[in-house]
Number of protein chains: 2
Amino acid sequence: MRRSDATRTAILAAARERFAADGYDRATIRAIAKDARIDPSMVMRYFGSKEGLFAAATSFDLRLPELGSLAPEEAGRVLVEHFLDLWEGNDALVALLRVGVAGAAGAERIRHTMFEQQVLPVAREVCPDPEQAAARAALAAAQMLGMALARYVLRFPPTVALAREEVVAWLAPTVQRYLTAPHPGGAL
Amino acid sequence: MRRSDATRTAILAAARERFAADGYDRATIRAIAKDARIDPSMVMRYFGSKEGLFAAATSFDLRLPELGSLAPEEAGRVLVEHFLDLWEGNDALVALLRVGVAGAAGAERIRHTMFEQQVLPVAREVCPDPEQAAARAALAAAQMLGMALARYVLRFPPTVALAREEVVAWLAPTVQRYLTAPHPGGAL
DNA sequence: TACGTTGGCCAACAGGTGTTGACCAACAAT
DNA sequence: ATTGTTGGTCAACACCTGTTGGCCAACGTA
């Protein structure tokens, strides 16, 4: 392991923390560099630009495993549990959401990471009418994104106070209904 | 009506638009002033500071009416419909959410505006155990906030494509369940 | 011992930011 | 006719931003 790899990961760790805490604009390269105990110019040399640093700090591969052996009636619980595993104490995801809300470029990243990479594949697998898969996946994603927003970004006390099992118990049926229940119809 | 009131409201309109489109940091006073066709210094004279302008541009009174005559089994639908009425085409709310996500000060504003001013009163009214009112209201708020995020801020195509009645048909039962259904228990 | 490479610091640049204060035209009232 | 107020512009200040390029110490290798 080269000596540079240590500082490289130190920069990435500091960047994730600062981006998650302050958002893209307020998280300055100078502050990140100070956290990593290096000169700001090093950040540029390692990652090219601030955008490059952000891209490197918020890139994941978080497809959920064992998709084939998924019982359709358990999709909600599996999805919510996977969602909680991902977000619990993950600064990079908080940073991604925070920045995605701020700019238009980030919105695309969030959609790709949260929606197309996670919820949509499950929806395609379990939902009855393939034509509705996108809409149903979007509903499920909105529910989980809302919980992520309240619990990990805004930190509303009542949502932070919820135990992990309680979140699963409340959200899993909702997600399950969005994915597999018959269309409610409404006033259409 | 004084001559100044016209420019005052022009500034506020431009500010809401810019804050909603670009977020707090990227929305510069100079850009807002140019949109309102005035000098940037006028913004300062009228609102004191950028924070003052933002506070003025995102202050609402959006308590929902007729709370006393609310049938408990209709709380979900009423709440979701009220929520959609509020958000549809409301730049100020989008701006508030966008900024609230970016900074810690905004999070408090969002909580007060969305949670304590809207959902919590309804929850206190209709939910069975008063001790659970806060948690249940938080769950409902998270669901609606997630839809607001996906539909009005991130503009996920599948959520934008949903008709208003469809959103109500899908979300109302969820909110209703969060507010009044018996505690699911789970693995507690 | 010489030397190129690696990892790092320092100082500066160019541009954009919120904010301030001086100045000014129009108009109403004395 | 003079005065005071209102609504507005202009130019600047002080600061902070991302970014750049030059310099430097250590070190492995020939």
Side-chain angles (χ1 to χ4, degrees), chain A residues 1-59 95-96 98-100 102-106 109, chain B residues 1-59 95-96 98-100 102-106 109:
Chain A
M1 168 165 171
R2 304 247 283 257
R3 172 143 190 71
S4 70
D5 291 356
T7 65
R8 189 178 202 89
T9 60
I11 294 177
L12 281 176
R16 289 200 190 92
E17 210 167 323
R18 270 256 130 85
F19 279 135
D22 303 337
Y24 187 81
D25 292 290
R26 297 188 121 84
T28 71
I29 287 195
R30 283 173 166 85
I32 293 170
K34 181 179 283 185
D35 284 4
R37 272 184 283 275
I38 353 162
D39 191 85
S41 63
M42 295 309 296
V43 178
M44 307 298 299
R45 192 180 283 181
Y46 277 55
F47 298 97
S49 68
K50 187 180 183 179
E51 254 191 275
L53 171 64
F54 180 76
T58 60
S59 71
L96 180 57
R98 232 181 204 144
V99 174
R109 280 281 291 286
Chain B
M1 170 166 171
R2 304 248 284 257
R3 175 151 184 69
S4 68
D5 291 357
T7 65
R8 190 180 203 91
T9 62
I11 295 177
L12 281 176
R16 291 201 189 92
E17 210 167 321
R18 271 257 131 84
F19 280 134
D22 304 336
Y24 186 82
D25 291 290
R26 296 187 121 87
T28 71
I29 285 196
R30 283 173 167 84
I32 293 170
K34 181 179 282 185
D35 284 5
R37 272 187 282 275
I38 339 171
D39 192 84
S41 61
M42 294 309 296
V43 178
M44 306 300 299
R45 192 180 283 181
Y46 277 52
F47 298 98
S49 69
K50 189 180 183 179
E51 254 191 276
L53 171 64
F54 179 77
T58 61
S59 72
L96 180 57
R98 228 176 209 150
V99 174
R109 281 282 291 284

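Each chain gets a letter, A, B and so on, in the order its sequence line appears, and its residues count up from 1.
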Which pair of non-hydrogen atoms, one from B:K50 and one from B:I29, has the smallest distance, and what is that distance?
CB-CD1, 3.9 Å
Does B:A21 have any side-chain contact (heavy atoms from CB on, under 4.5 Å) partners at least two apart in sequence or in another chain, and if so, which?
none
Rounded to the nearest 0.5 Å, how far apart are OH of B:Y46 and CG of B:D5?
8.0 Å
On a heavy-atom basis, which atom in A:A20 and which in A:A95 lie closest, and how many Å separate them?
N-CB, 3.5 Å
Does anything in residues 22-36 of chain A come within less than 4.0 Å of DNA chain C? Heavy atoms only, and list the residues if so.
A:R30
Boundaries of the DNA chain D segment in contact with chain B, non-hydrogen, under 4.0 Å
D:dG7 to D:dA12
Given B:F19, which partner from the list B:T58, B:L53, B:L96 fulfils the side chain to side chain contact (heavy atoms under 4.5 Å, CB included) test?
B:L53
The correct set of residues in residues 42-58 of chain A placing a heavy atom under 4.0 Å from DNA chain D is A:M44, A:R45, A:S49, A:K50
Tell me the interatomic distance from B:I11, atom CD1, to C:dG18, atom C1', rounded to whole angstroms.
15 Å
Expected list for residues 38-45 of chain A: side-chain donor-acceptor pairs under 3.5 angstrom, two or more places apart:
{"from": "A:D39", "atom 1": "OD2", "to": "A:S41", "atom 2": "N", "distance (Å)": "2.9"}
{"from": "A:D39", "atom 1": "OD2", "to": "A:S41", "atom 2": "OG", "distance (Å)": "2.7"}

Among all residues two or more places apart in sequence or in another chain, which pass the side-chain contact (heavy atoms from CB on, under 4.5 Å) test with A:A57?
A:L12, A:A15, A:R16
Answer yes or no: is there a donor N or O on one side and an acceptor on the other, between the side chain of A:T7 and the main chain of A:A10, under 3.5 Å?
no
Inter-residue atom distance B:D35.CG - B:E17.CD, 0.5 Å rounding
6.5 Å
Taking any heavy-atom pair under 4.0 Å as a contact, classify A:T7: base, sugar-phosphate, or nothing.
sugar-phosphate
Between B:R26 and A:D25 the two heavy atoms that sit nearest each other are NH1-OD1, 2.8 Å
If you assign A:S41 and B:I38 each to the DNA chain D nucleotide with the nearest heavy atom, which residue ends up on the more 5' nucleotide?
B:I38
